[in-house]
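What you are looking at is a predicted structure, and each value in this text was computed from that prediction instead of being measured. By convention in this document, chain letters (A, B, ...) are assigned in the order of the sequence lines, proteins followed by strands, and residues within each chain are numbered from 1.
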There are 2 protein chains.
Amino acid sequence: MNQDGVDLETSLGYLLKEASSALRAAMEEVLRPLGMNVTRYSCLELLAQRPGLSNSELARGAFVTRQSMNVLLQALEREGYVTRPAEAPVGKVLPTRLTPRGRRSLEKATVAVRSVEVRMLAGMTETEQSDAFRSLQSMIHSLRKGNDGA
Amino acid sequence: MNQDGVDLETSLGYLLKEASSALRAAMEEVLRPLGMNVTRYSCLELLAQRPGLSNSELARGAFVTRQSMNVLLQALEREGYVTRPAEAPVGKVLPTRLTPRGRRSLEKATVAVRSVEVRMLAGMTETEQSDAFRSLQSMIHSLRKGNDGA
DNA sequence: TGATTCATGTCAGCATTCTGACATAGGTTG
DNA sequence: CAACCTATGTCAGAATGCTGACATGAATCA
């Protein structure tokens with residue numbers, strides 16, 4: 001049966017899903033005591049590194065639809081973590097920015113997330129890490145080649 | 001700001017999420033015309049390779065909660081893709097098996113999914129693939145070390 | 001210039017997954 | 001044997017993400 005199927009034990013795809021799942025679980029675990037989850041953290045981190053991103057750009061950066069990100073942004077705005085202008089300076093794009101409160105909240109989360117990433121990479125040499133980096137980039141590139149192309 | 005944050009451009013964690021997202025999207029795309037999605041496929045593939053798995057075991061194998069898998073199994077059973085005994089042979093565990101219909105449905109999906117995995121690995125040598133395999137295993141192991149340990 | 005195409009923000013409805021909780025079976029330990 | 005602990009299946013409710021759809025602004029093009 002294994003010759004016929006994908007063979008979960010040796011499938012890189014399955015292992016990729018497993019690793020991603022483990023990473024997400026570990027992140028949720030350290031983020032939960034801070035009243036945060038992975039998607040919220042991703043959004044805030046994106047805004048810290050690239051202030052003024054639009055809803056659609058944030059969605060692409062966090063790997064969710066722009067509809068989902070919109071719901072999240074409305075919540076973050078209501079709770080005072082981010083601000084968006086009432087009117088678009090140009091076109092329909094509403095540039096989003098962190099508030100001081102959002103920045104403070106992100107700081108704690110960043111420490112927690114970084115500790116998870118450090119733990120994940122423990123036991124790997126610098127070379128192994130950059131090899132893994134290149135491999136993942138190659139997979140992403142190959143997966144996107146035959147399709148949309150965004 | 002990048003010295004202070006996680007730096008999304010060079011973070012292996014972010015890249016891992018990106019790769020997993022790209023893989024999932026590619027799989028959903030080829031599975032959709034077959035009336036299937038990733039979770040359903042994962043469940044059927046697990047059952048093909050390890051017949052008689054319980055609901056909880058399937059949940060762990062597909063990286064969802066046993067509650068979610070239970071919902072899925074009830075749907076698959078209702079639609080005639082899998083069968084479960086009305087009463088547990090031993091304990092509370094209900095061993096699940098594919099029906100002929102489930103097996104037929106899985107065959108087409110397996111072909112589609114395998115083509116995605118082949119595309120993902122195109123451009124990587126055998127050595128690069130096994131290096132990536134080991135790296136991912138290392139990450140998974142390290143992530144799970146400090147925690148639950150299931 | 002006018003028409004077309006594309007990207008964006010947003011609303012509504014649906015699907016999926018999760019957390020919380022409960023009862024029950026089996027194994028473990030005193 | 002009895003008490004405890006763990007794992008399982010399941011129900012209910014909430015959170016989260018998605019698809020479909022629409023109007024609008026910008027860019028492209030004839």
Does B/S142 use its side chain to pair, donor to acceptor, with the backbone of A/A122 at less than 3.5 Å? yes
Contact boundaries on DNA chain C for chain B, cut-off under 4.0 Å to non-hydrogen atoms: C/dT16 to C/dG26
B/S130 (side chain) donor-acceptor with B/T127 (main chain) under 3.5 angstrom: yes
Length of the line joining A/L58:CG and D/dG17:C1', which is rounded to integer Å: 16 Å
If you look at every heavy atom in A/A132 and B/M139, which pair is closest and at what distance? CB-CE, 4.1 Å
What does the inter-axis angle of the helix from C/dT1-D/dA30 to C/dG30-D/dC1 come out as, five pairs per end, nearest 10 degrees? 40°
Distance-only donor-acceptor check, side chains A/S135 and A/S138, under 3.5 Å: no
Are B/E107 and B/R103 within salt-bridge range, i.e. N to O under 4.0 Å? no
Between B/Y14 and A/G61, the two heavy atoms sitting closest are OH-O, 2.6 Å
Please tell me whether B/E45 and B/S42 have a donor and an acceptor in their side chains that are separated by less than 3.5 angstrom. no
Here the residues of residues 15-23 of chain A within 4.0 Å heavy-atom distance, strictly under, of DNA chain C are none
Roughly how far, to the nearest 0.5 Å, is the NZ atom of B/K92 from the OG atom of B/S54? 12.0 Å
Considering all heavy atoms of both residues, which atom of B/P85 and which atom of B/L94 are nearest to each other, and what is their separation? O-CD2, 3.5 Å
DNA chain C nearest-nucleotide lookup for A/R32 and A/V93: closer to the 5′ end is A/V93
If you take any heavy atom closer than 4.0 Å to DNA chain C, which residues from residues 68-85 of chain B end up in contact? B/S68
For the residue pair B/E77 and B/T83, confirm or rule out a side-chain donor-acceptor distance under 3.5 Å. no
Contact class for A/S56 vs. all strands (heavy atom < 4.0 Å): base, sugar-phosphate, or nothing? sugar-phosphate
Between the side chain of B/Q49 and the main-chain N/O of B/L46, is any donor-acceptor distance below 3.5 Å? no
Name the pairs: protein N/O against N/O of nucleotides 25-27 of chain D, kept only if under 3.5 Å.
{"unit_1": "D/dA26", "atom_1": "OP1", "unit_2": "A/G91", "atom_2": "N", "d": "2.9"}

Thinking salt bridges, do A/E29 and A/R24 make one under a 4.0 Å N-O criterion? no
Looking at B/L44 and B/V82, what are the two nearest heavy atoms and their distance? CD2-CG1, 4.0 Å
Hey, does A/R40 reach any base, or is it just sugar-phosphate, or nothing, if we go heavy atoms under 4.0 Å? nothing
Identify the pairs formed between an N or O of the protein and an N or O of nucleotides 12-14 of chain D at a distance under 3.5 Å, and give each distance.
none

A/E18 CD to B/I140 CD1 distance, which is reported to the nearest 0.5 Å: 4.0 Å
Ring of A/Y81, cation from A/R40 - is the NZ or CZ under 6.0 Å from the centre and inside 45° of the axis? yes
